[in-house]
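Counting from 1, the numbers follow the sequence of the chain as shown.
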Amino acid sequence: MPRRPRARPRRRHPHRRPRRAGRDRRALAGPLAPAPPRGRRERVVGVCAGPGGWDESLAALGAQYDAVGLDLSGDACATAERAGHRRIVIDITLLDPEHPALRWTVDVIISPPCPAWSTAGKRAGLTAQSLQVLTAMLRAAGEAAGHGGYRERSAATWAEVRAVAAALPDPEAGLVAEVLIWALGLQLHGETLRWVAMEQSANLPEDVREAVSFELALAGWSQQQWVELDAADYGVATHRRRVFFMAVRYGRIPGSVRPGMPFARADPGRRPRVGRGGAGQHPGRARSGRERTAQGREHLLRGQAGWCLTGKARTWYRESDGYRLTEAEAGQLVGFLPSYPWRASEPTARKDSRTSAFQRIGDVVCPPVGAVVLGALTGRPWHRPVEDYLGRVYGGAEALAPVEVPQQRGRCAPADLVALAA
């Protein structure tokens, strides 16, 4: 009998599965090093990528990218991987943006931790000492890159630039400099890199914003823009005000983050209340895990969005029956689909506490707002896709059929869900 030919072993595609790296920088060479074949999706690298807010934003836009996120939190990466997003568990401060594995990066998205700036955090980044050290760190980053190759580079390495953060009262505040380290470091690979997006607390000082924009302007970036957005203005059931940074190397930012028409406000009544947001007082927040204010119920009846959700929302409960807010409901309040896997359901999965899950929900980028920013940055129409997405989050409706001229449809968050946020 003729011998059956031996089957050729299947080659493992480097982009097929997420990979964990710990602190080994060489691990990047696995999932990132090969050049994308002609016609392959653009490569997006997420720095401090978290549990998947930006990834869900890309999906809401219908955008298809070769995206991989880098984050030190194993729990956040595990959440993102359960949702189908690629992650590498790694300390980003140990990475060299000039590593050959990153040379095909087209776009960068970064969300540095914000406790050093936010009202809910320590706010140590707002001191005069912090601002002095941080602006010096940003200047050192520009000089280390030779301002994107336009001037002679200083002798400082990226590790030495990052070491400046040790002089900060809260060294974590130095992570905001990563937007320059990655933008300028990747720029040295050539013309591949096109744009950078960053999300940060709205309390980020103007001095820091101006220093970032100035260094990128010296490096030849054609346009930078800072915008402050509140998630409630874009149909999310709770307030969350953040500042977003957009920068492009070539041309102009093609889109706008301002809606041509207002979004429908989440409202427990029969008819959605429509408005641009920002008017009136904030809804009353829980003074502790045991009580709700009458002011909060009054604003709820007026159809206003709920209070900004933080990690402390794990103590929220409903007055009528003591029902506690779940991770899925908290995710809905910040704009995630109710099916998002915040905690592992498998008995054999690593332990993941309720506290950790709520902290991730409190820190994450709201997907509808991220979609607005990325749509404006890439020139993709975002208003109708965001309305579609909100319909699936709050109304359980199917995606609306595409139309040539978008017509807005209000979506209404369920009354009991909004009540938990008020």
Side-chain angles (χ1 to χ4, degrees), residues 13-15 19 21 25-49 54 58 63-70 86 88 90 92-110 137-162 177-198 211-225 245-254 374 377-380:
H13 197 283
H15 300 278
R19 182 171 178 176
R25 285 175 287 182
R26 293 175 297 177
L28 287 177
L32 292 177
R38 181 177 299 179
R40 188 171 177 81
R41 301 170 182 175
E42 291 181 6
R43 178 161 294 161
V44 177
V45 173
V47 182
C48 301
W54 285 109
L58 289 171
Q64 296 183 342
Y65 290 91
D66 176 25
V68 61
L70 314 174
R86 298 169 61 213
I88 300 175
I90 196 167
I92 63 163
T93 63
L94 299 178
L95 297 177
D96 182 353
E98 298 179 61
H99 192 289
L102 297 164
R103 67 188 181 276
W104 300 107
T105 303
V106 178
D107 316 307
V108 175
I109 302 172
I110 178 169
M137 186 177 180
L138 294 171
R139 186 167 56 252
E143 295 170 351
H147 301 294
Y150 287 94
R151 300 182 184 180
E152 184 178 354
R153 301 180 66 176
S154 69
T157 64
W158 294 120
E160 291 170 340
V161 171
R162 287 162 167 155
E178 293 294 326
V179 66
L180 279 185
I181 292 173
W182 282 82
L184 298 178
L186 290 172
Q187 181 176 348
L188 296 174
H189 287 294
E191 300 180 355
T192 306
L193 184 66
R194 296 196 311 182
W195 56 259
V196 171
M198 180 176 72
V212 171
S213 296
F214 180 73
E215 294 297 333
L216 286 183
L218 288 179
W221 287 62
S222 61
Q223 187 181 7
Q224 306 92 42
Q225 184 178 359
F245 177 63
M246 301 180 288
V248 293
R249 287 183 66 187
Y250 315 110
R252 310 291 291 177
I253 296 173
L374 295 177
L377 192 53
T378 61
R380 289 177 174 270

Asker: Nearest heavy-atom pair of Glu160 and Thr157: which atoms, and what distance?
Answerer: OE1-N, 2.9 Å
Asker: What's the shortest heavy-atom distance between Gly379 and Pro254, and which atoms?
Answerer: N-CG, 3.3 Å
Asker: When rounded to the nearest 0.5 angstrom, what is the spacing between CD in Gln224 and CZ in Phe214?
Answerer: 11.0 Å
Asker: Show me the donor-acceptor pairs, under 3.5 Å and distance only, between side chains in residues 184-193 and residues at least two apart or in other chains.
Answerer:
residue : atom : partner : partner atom : Å
Gln187  : OE1  : Trp221  : NE1          : 2.7
Gln187  : NE2  : Ala219  : O            : 2.9
His189  : NE2  : Pro97   : O            : 2.9

Asker: List the residues meeting side chain to side chain donor-acceptor pair (under 3.5 Å) with Glu42, not counting sequence neighbours, and say none if there are none.
Answerer: Arg194
Asker: Quick one: ring-ring contact (aromatic ring centres under 6.0 Å, His included) partners of Tyr65, sequence neighbours excluded?
Answerer: none
Asker: So which atom in Ala49 and which in Gly69 form the shortest heavy-atom distance, rounded to 0.1 Å?
Answerer: CB-CA, 3.6 Å
Asker: Mark yes when over 12 heavy atoms from residues, nucleotides or ligands other than Tyr250 sit less than 6.0 Å from its OH; otherwise mark no.
Answerer: yes
Asker: Using side chain to side chain contact (heavy atoms under 4.5 Å, CB included) as the criterion, point out the one residue from Leu138, Val161, Val196 that pairs with Leu180.
Answerer: Leu138
Asker: Any idea which heavy atoms bring Ala156 and Ala144 closest together, and the distance?
Answerer: O-CB, 3.7 Å
Asker: How close do Leu218 and Tyr150 get, counting heavy atoms only, and between which atoms?
Answerer: O-CD1, 4.2 Å
Asker: For Leu58 and Leu374: C-alpha separation, side-chain torsions, deciding distance, then whether side-chain contact (heavy atoms from CB on, under 4.5 Å) applies.
Answerer: CA-CA 7 Å; Leu58 289 171; Leu374 295 177; 3.5 Å; yes
Asker: Using a 3.5 Å distance criterion without hydrogens, assess whether the side chain of Thr105 forms a donor-acceptor pair with backbone atoms of Arg43.
Answerer: no
Asker: First locate atom CD of Gln223, then atom CG of Leu216, and finally report the distance between them rounded to the nearest 0.5 Å.
Answerer: 12.0 Å
Asker: Sorted by first residue and then second, give each salt bridge (Lys or Arg N to Asp or Glu O under 4.0 Å) pair with at least one member in residues 177-187; sequence neighbours left out.
Answerer: Arg162-Glu178
Asker: If you round to the nearest 0.5 Å, how far is CG of Leu95 from CD1 of Ile90?
Answerer: 4.0 Å
Asker: Just how far is it from atom CH2 of Trp54 to atom SG of Cys48, taken to the nearest 0.5 Å?
Answerer: 12.5 Å
Asker: In Å and rounded to the nearest 0.5 Å, what is the CD1 to CH2 distance from Ile92 to Trp182?
Answerer: 7.0 Å
Asker: For residues 138-156, which residue pairs pass the salt bridge (Lys or Arg N to Asp or Glu O under 4.0 Å) check, not counting sequence neighbours?
Answerer: Glu98-Arg153
Asker: Does Arg249 have any salt bridge (charged side-chain N to carboxylate O under 4.0 Å, His left out) partners at least two apart in sequence or in another chain, and if so, which?
Answerer: none
